[in-house]
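We name chains A, B, ... by the order of the sequence lines, and we start the count at 1 in each one.
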Amino acid sequence: MKGFLLDIDYETRDGRAVVKLFLKGEEANFIAVDDSFLPYLYALPSGEVEGLVERIREAGNGESRVKDVLLEDKKFFGRDLKALKVVLEHPQDVPRLREIIKNIEGADMVLEHDILFVRRYLIDRDIAPLSWIEVEGEKSNAELRIRKISLAEGKFPELKVLAFDTEVYNPKGAPREKVDPIIMISLASNTGLRKVLTWKKPDRNIDFVEVLENEKAILKRFEEIMRQEDFDILVGYNTDNFDFPYLVERLKKLELVLALGRDGSEVQIKGRRALPEARIKGRAHIDLYPIIRRAVKLSSYVLENVVKEVLGIKKEKIPGDKLWRDWDEGGENLEKLIKYSMEDAEVTLRLAEKFLPLQYELTRIVKQPLHDVSRMTAGQLVEWLLMREASKGSELIPNHPAGEEFIRRTEETYIGGYVREPKKGISEDIAVFDFRSLYPSVIVTHNIDPSTFMRGRNENRVPGLDYCFSKEKKGFIPAILENLIDHRMKMKQRIRQSKDELEKRMLEVQQYALKILANSFYGYMGYPRARWYKKECAESVAAFARMYIQKVMKIAEEEFKLEVVYGDTDSLFVLIGKEKEKALQFLEHVNKTLPGIIELEHEGFYKRGIFVTKKRYALIDEWDKITVKGLEFVRRDWAPIAKRTQQEVLSALLKDASPEKAASIVRKTIEDIRSRNVSMEDITIYTQLTKGISAYKNIEPHVIAAQKLVKRGREVAPGMIISYVITKGTKMISQRAEPVEFVSLQDYDPEYYIENQIMPAVLRIIEAMGYSKDYLKEGIEQESIKKWF
DNA sequence: CTTAGCCGGGG
DNA sequence: GTGTACGGCTAAG
C-alpha cells in the first residue's frame with residue numbers, strides 16, 4: 001500500500017516500542033505500525049573486544065535488557081574502527097545502559113545514545129516525512145502491521161491546512177487559565193472553511209458565526225470540525241506559547257477531553273523548561289511565529305506588523321484592554337471583535353501559504369518530521385542532514401558536548417570576516433560585487449572538514465595559520481555540501497529552462513531551501529552545541545575568505561584603479577563613475593584568478609550611498625529604492641519621533657544629497673521638542689510588563705511607571721503594555737518614567753528626548769558626513785554639535 | 001568593560 | 001522522552 005507520510009510517533013504496547021506512521025493514502029488516510037525496530041547504542045572498545053562483549057551482556061542481565069551485542073566495522077571522523085552495537089528492548093533502556101557502559105572497564109566511549117527513537121527509525125529505514133512510502137503488511141484492527149517499508153515515487157498531494165486563532169477573556173491583563181474563559185475560536189482553511197465559534201450572540205446575523213451554548217460547546221465543536229474535515233496541518237501564530245497551553249489548562253479546569261490527534265489522542269505540551277511546543281499526533285501543528293522570526297527581520301513580530309510587512313495587508317489590532325470590554329459591551333463592539341477574530345485566522349492562513357512551502361522542502365531534504373523541522377534552527381537542520389548521511393556511510397555520529405566541553409567551546413574564539421573601514425560620508429556611482437556563496441565554496445574548494453584537518457604541513461595551507469586540510473580523501477562535510485550545491489545548481493538550471501510558472505515557483509522554493517542549508521554549514525562547524533564542531537574548521541573558512549576578499553580588493557585598486565569605499569566579508573563596494581563596462585571587465589578578470597567553485601558576482605549599481613561606520617550604511621539605487629544596513633531602529637522601546645527623524649535624515653541625504661537639509665530636519669525636530677510642538681504619541685514609549693511588579697530585580701522604566709499606576713489605584717497585571725514618557729527632574733531616568741495617562745505635554749523632559757532618543761539616532765549619520773563641527777557651528781556660536789543642536 | 005537579568009509573540 | 005532555546009539589549013557592577 002502507498003501512503004504519504006505526514007507524521008510519525010511511537011507508543012509502548014506490552015513493553016515493546018511500536019512505531020506509528022500516519023499516512024495519507026491514495027484514497028483514505030491510514031495508520032501503519034511497526035514493532036520490529038529496536039533501539040541501540042554503540043560502545044567503542046579501548047582494547048580487547050571479547051571480554052567487553054561479555055561484560056556488557058552480563059551488565060545487561062536482569063533489568064537492563066540487552067538483546068544483542070554485535071561487532072561492526074564503523075568509521076569515526078573518517079578513521080576505520082570496530083564498534084559494538086548494543087541492541088536493547090525499549091528506548092527507555094538506553095539511558096540506563098549508557099550509564100552502565102560508561103563505567104565498564106574497556107569501553108572508551110558510548111555513542112548514538114541520545115537519538116530519539118522515531119528519528120532513528122526514519123534514518124535506519126531510509127524513509128522520509130512528506131514523501132510517498134510503500135508499505136507491505138497485514139491489516140490488524142484499524143492499522144496496517146508493517147512487514148516491509150520503503151520509499152516510493154509520487155506527486156506532492158494537496159494537504160488540508162487549517163489556520164486557527166483563539167480569543168480569551170482578559171479583564172486583568174494577561175488571561176488567567178483558572179478563571180478566564182475562551183470566548184472565540186476562529187477557523188480558516190485552504191478548503192474554504194471560514195468560521196468563528198463563539199458563545200455570545202451578536203445582534204445581527206453574521207454568516208460565518210456559529211453561536212453555541214458556552215465555552216465547553218465551542219471547544220467540542222472545534223474538535224468535531226477537526227475530526228470531520230481531518231486536517232493534515234494545523235497552523236497558528238504563537239500557538240506553542242499561548243493558544244495551546246491555554247487551551248490545555250482550560251480543558252483541565254472544565255474537566256473536558258478533546259481528541260484533536262488523528263489517533264484520538266489529546267494535545268501534548270512538551271518542553272516545559274525550555275520553550276513549550278504543542279504536539280498533535282498525526283497532524284503537523286505549525287506555529288508560524290518562530291518560523292517568521294527566523295525567516296524575516298522585522299522590528300516587531302506582532303501579527304499586525306508581520307501581516308503589514310510580509311503581505312502588505314493593513315489590519316487593526318484590538319488592544320488587550322479593549323478586547324474584554326468589547327465582549328462585555330456586546331452590540332457593535334461584539335460584532336467588531338468577531339470580525340477581527342475572523343481576520344486573524346484568515347491572515348494566519350495567508351501567512352501559512354507563504355511560509356509553509358519552504359518548511360515542506362526543508363522537511364524533504366532533512367528527512368525529519370515537519371512538526372520538528374519547522375521548529376529547528378539552521379544548525380539543527382544541518383545536523384540532522386549530517387546524521388542521516390553519517391548513518392548511510394557507516395560513520396558514527398559524534399556526541400553532543402557535555403557540560404564542561406560546552407563551556408570550553410563557548411570560550412573559543414577566532415577572527416571572523418574582513419571588514420574594510422568605509423570611506424565615510426556620501427559616495428556616488430557605486431558598483432557592488434559579492435562572492436557567490438563564499439563560505440560554502442571555500443569549504444568545498446579547500447576540503448575543510450574535521451577529518452581532513454592537520455597541522456604543520458604545507459599543502460592546502462590556511463593563510464596566516466598553522467593549519468592545512470588534506471585533499472587525499474574528500475571530507476565528510478565537504479562531500480555533503482558539494483552534493484547540495486550541485487543539486488541547487490541543477491535546480492537553478494531547470495528554473496531557467498522551465499516555462500511553467502507553477503513549476504518555477506516550486507523549484508524556486510527548493511533551491512532556496514538548499515541555499516539556506518548550504519549557508520549554514522560554516523556556522524554549524526563553529527556552533528558550540530554541534531556534534532561535528534571543529535573550531536579550526538570554522539576559523540579556516542573565515543581565514544580563506546579574508547584572503548580572497550582582500551585579494552580581490554587589491555586587484556580592483558592596483559590593476560583597475562578602482563577606489564574601494566567599503567567591503568564586508570564577501571562583498572566590495574567600488575566607485576565606478578560612469579564607466580559601467582569597467583565593472584564587467586574587472587569581474588571577468590577576477591574570476592579567471594579564483595580557484596575551484598569560488599566566484600565573484602556583480603550585485604548591482606547604486607547612484608549614491610552613505611557610509612557611517614563598519615556595518616552601518618545606506619544605499620539608493622537608480623529607481624530610488626533605499627537599502628539601509630545597521631542603522632534601523634529595531635527596538636520597540638524607542639519613541640516614534642526618533643525613528644521618524646532618522647528616516648527623514650537618511651532620505652534627505654540619499655535622495656537630495658543635501659546634508660544641509662538633513663541638518664535642518666534635525667534642528668527643526670529639536671526645536672519642536674523644546675517648544676513642545678509634538679504629540680503625545682511621538683514621545684510615548686511602550687514596554688510590556690511580563691510578570692508581577694514585585695518579581696522584577698532590575699527596576700526598569702516601565703516597571704517604575706507600572707508602580708506609579710498602582711499608586712494611583714489602577715490595577716496592573718502581567719501582560720499589560722505599559723505606555724510611559726520620561727518627565728523632567730534630576731533623578732535617574734527610570735525613576736522619571738510616568739504613565740502616559742497621568743502626564744501632559746508640559747511634563748516631558750525635552751533634554752531626554754533630544755539626548756537619548758534623537759541624538760543617538762541621527763548623530764552618527766550626521767558626523768559621518770564629514771560635517772566638521774566648524775561647518776555646523778557656522779553662524780552659530782556653539783562649541784559642539786550637541787550644543788549646536 | 002563585563003556580568004546578570006529581561007524580553008519576545010499571544011489575550 | 002535514546003532531547004531542553006536564543007540572540008539582543010540594558011542596567012548594574
Side-chain angles (χ1 to χ4, degrees), chain A residues 9-12 17 38-42 86 88 90-99 110-121 165-177 180-184 236-246 268 270-277 279 287-290 292-294 298-306 317-324 327 337 340-341 344 348 372 375-377 379-380 397 399-400 527 529 634-637 687-691 695-703 717-721 732-734:
Chain A
D9 193 26
Y10 90 89
E11 61 190 39
T12 305
L38 291 172
Y40 60 88
L41 50 75
Y42 282 100
V86 182
L88 302 160
H90 191 276
Q92 286 178 347
D93 299 331
V94 175
R96 195 166 35 211
L97 244 286
R98 173 183 64 209
E99 295 311 313
V110 182
L111 290 166
E112 307 197 8
H113 53 75
D114 58 354
I115 298 165
L116 299 187
F117 191 60
V118 293
R119 294 190 178 181
R120 171 59 93 183
Y121 180 87
D165 182 41
T166 53
E167 310 300 332
V168 178
Y169 191 63
N170 63 335
K172 302 280 181 209
R176 304 146 302 173
E177 296 92 341
D180 300 322
I182 294 169
I183 54 180
M184 282 174 205
Y237 196 77
N238 205 26
T239 34
D240 268 342
N241 208 20
F242 178 73
D243 298 68
F244 274 124
Y246 200 89
Q268 299 167 298
K270 298 187 167 187
R272 293 258 158 177
R273 282 197 213 161
L275 268 189
E277 67 182 56
R279 224 185 107 69
D287 184 348
L288 289 168
Y289 169 63
I292 292 173
R293 274 202 81 142
R294 287 195 300 266
L298 298 175
S299 57
S300 152
Y301 294 89
V302 175
L303 184 59
E304 286 69 20
N305 190 51
V306 170
K317 179 172 176 64
I318 302 194
D321 60 332
K322 192 158 183 317
L323 194 141
W324 64 276
W327 174 259
L337 182 58
Y340 284 138
S341 181
D344 271 358
T348 303
D372 300 316
R375 288 165 179 77
M376 283 181 189
T377 60
Q380 291 169 315
I397 297 167
N399 288 330
H400 275 135
Y527 169 52
R529 285 188 204 280
V634 290
R635 291 161 36 201
R636 86 162 179 200
D637 53 348
T687 311
Q688 185 179 129
L689 201 65
T690 54
K691 51 192 179 182
Y696 280 88
K697 286 184 187 159
N698 284 347
I699 302 305
E700 288 159 56
H702 72 289
V703 181
M720 262 177 73
I721 302 275
M732 265 170 53
I733 287 167
S734 54

| message | So A/Thr239, base contact, sugar-phosphate only, or nothing? Heavy-atom distance under 4.0 Å. | response | nothing
| said: From CD of A/Gln380 over to P of C/dG7, roughly how many Å is that when rounded to an integer? | reply: 11 Å
| field | Over all atoms of both residues, closest heavy-atom pair of A/Pro276 and A/Asn241 | value | CG-OD1, 3.5 Å
| query | From C/dA5, B/dG10, C/dT2, pick the nucleotide closest to the side chain of A/Val302? | reply | B/dG10
| request: Determine the contact category for A/Tyr527: base if any of its heavy atoms lies under 4.0 Å from a base atom, sugar-phosphate if only primed atoms, P, OP1 or OP2 are that close, otherwise nothing. | output: sugar-phosphate
| field | Short side-chain N/O contact to B/dC7 OP1/OP2 from A/His702, under 4.0 Å | value | yes
| said: Suppose you measure atom C1' in B/dG9 against the same atom in C/dC6; what distance do you get, rounded to whole Å? | reply: 14 Å
| query | Looking for any heavy atom pair under 4.0 Å, which part of the strands does A/Tyr237 touch: base, sugar-phosphate only, or nothing? | reply | sugar-phosphate
| task | Mind checking the OG1-CG spacing from A/Thr348 to A/Leu303? Nearest 0.5 Å is all I need. | result | 5.0 Å
| Phosphate OP1/OP2 of C/dC6: any A/Arg529 side-chain N/O under 4.0 Å | yes
| CG of A/Leu288 versus P of B/dG10: gap in Å, rounded? | 12 Å
| request: Indicate, with a heavy-atom threshold strictly under 4.0 Å, whether A/Tyr10 touches base, sugar-phosphate, or nothing. | output: sugar-phosphate
| Can you check the A/Leu298 CG to B/dG8 C1' distance for me, whole Å? | 13 Å
| query | Once you round it to whole Å, what is the distance between P of B/dG10 and CG of A/Asp180? | reply | 18 Å
| Are the side chain of A/Asp243 and the backbone of A/Thr166 linked by a donor-acceptor contact shorter than 3.5 Å? | yes
| task | Look at the side chain of A/Asn399 and the backbone N and O of A/Leu111, then say whether any donor-acceptor pair between them is shorter than 3.5 Å. | result | no
| query | When we call it a touch if two heavy atoms are under 4.0 Å apart, what does A/Asp165 touch: a base, just sugar-phosphate, or nothing? | reply | sugar-phosphate
| query | Counting only side-chain N and O atoms of A/Tyr301, is one of them less than 4.0 Å from OP1 or OP2 of B/dG10? | reply | no
| Would you find a donor on one side and an acceptor on the other, under 3.5 Å apart, between the side chain of A/Asp240 and the backbone of A/Leu275? | no
| What nucleotide, of C/dA5, C/dT2, B/dG10, holds the atom closest to the side chain of A/Glu304? | B/dG10
| said: Determine whether a donor-acceptor pair (N or O, by modelled atom type, separation under 3.5 Å) exists between the side chain of A/Glu112 and the backbone of A/Ile397. | reply: yes
| request: Give one of base, sugar-phosphate or nothing for A/Leu41, where a contact means two heavy atoms less than 4.0 Å apart. | output: nothing
| Nearest-Å distance, CG (A/Asn170) to P (B/dG9)? | 18 Å
| said: So does A/Arg176 get a backbone contact from the side chain of A/Asp180, meaning a donor-acceptor N/O pair under 3.5 Å? | reply: yes
| Is the backbone of A/Leu323 close enough, under 3.5 Å, to the side chain of A/Tyr169 for a donor and an acceptor to pair up by distance? | no
| What's the CG-P distance between A/Asp240 and B/dG8, to the nearest Å? | 17 Å
| message | Using a 4.0 Å cut-off on heavy atoms, which residues in residues 113-120 of chain A reach DNA chain B? List them by number, or say none. | response | none
| At under 4.0 Å between heavy atoms, what does A/Asp344 touch on the DNA or RNA strands: base, sugar-phosphate, or nothing? | sugar-phosphate
| said: Quick check on DNA chain C: between A/Arg293 and A/His400, whose nearest nucleotide comes earlier from the 5' end? | reply: A/His400
| task | Please report, rounded to the nearest Å, how far the P atom of C/dG8 is from the CZ atom of A/Arg294. | result | 15 Å
| request: Classify the side chain of A/Asn241 and the base of B/dG9 as holding, or not holding, a donor-acceptor pair under 3.5 Å. | output: yes
| query | Looking across every strand, which nucleic acid part, if any, lies under 4.0 Å from A/Gly236 by heavy atom: base, sugar-phosphate, or nothing? | reply | nothing
| A/Asp372 CG to C/dT2 P, straight-line distance once rounded to whole Å | 12 Å
| query | Between A/Glu99 (side chain) and A/Arg96 (backbone), is there a donor-acceptor pair under 3.5 Å? | reply | no
